[in-house]
J.: 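Dumping the structure here so I can ask a few things about it.
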Amino acid sequence: MTLDKAKKGQILKILSIPDAKIKAQAIRFGISEGEMVICSEVIPLGPVIIRKNNQEIALGRNLAKQITVISN
């Protein structure tokens, strides 16, 4: 599934970030393929907020649609 379909509270493993530009941006935030994150909030028609190591990151819907994850 893609990150935009995640539910609040889900623990997710990032499987793939296909676009090189998006991957570079994600790495700056400490997010890369294979990382475990928690979906903190899904704002209707807004961003998906994920948490990793006490840091929350808001990802826009279009960006979240391009990140493949699996629920643990």
J.: Please set out all donor-acceptor pairs under 3.5 angstrom arising from side-chain atoms of residues 43-54, sequence neighbours excluded.
T.:
from	atom 1	to	atom 2	distance (Å)
Lys52	NZ	Gly30	O	2.8
Lys52	NZ	Glu35	OE1	3.4

J.: If Ile, Leu, Val, Met, Phe, Trp and Tyr residues are connected whenever their side-chain heavy atoms lie under 4.5 Å apart, and connections chain through other members, are Ile57 and Ile27 in the same group?
T.: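 No; tracing contacts between hydrophobic side chains, which count when under 4.5 Å, never links both residues.
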
J.: Got a second to check how far Gln66's CD is from Leu3's CG, nearest 0.5 Å?
T.: 11.0 Å

J.: For Ile67 and Lys23: C-alpha separation, side-chain torsions, deciding distance, then whether side chain to side chain contact (heavy atoms under 4.5 Å, CB included) applies.
T.: CA-CA 9 Å; Ile67 299 174; Lys23 191 179 288 191; over 6 Å; no

J.: Using the rule that Ile, Leu, Val, Met, Phe, Trp and Tyr join whenever any side-chain heavy atoms are under 4.5 Å apart, tell me whether Ile38 and Met36 fall into a single cluster.
T.: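 Yes; tracing contacts between hydrophobic side chains, which count when under 4.5 Å, links both residues.
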
J.: Report the residues that fulfil side-chain hydrogen bond (donor to acceptor under 3.5 Å, both in side chains) with Glu56, sequence neighbours left out, ordered by chain and then residue number.
T.: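 Checked Glu56 against side-chain hydrogen bond (donor to acceptor under 3.5 Å, both in side chains); matches are Ser40.
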
J.: Name every donor-acceptor pair, under 3.5 Å, that has one atom in a side chain of residues 10-19 and the other anywhere in the protein, sequence neighbours excluded.
T.:
from	atom 1	to	atom 2	distance (Å)
Gln10	OE1	Lys7	N	2.7
Gln10	NE2	Ser71	OG	3.3
Ser16	OG	Thr68	OG1	3.4
Asp19	OD2	Lys21	N	3.0
Asp19	OD2	Ile22	N	3.1

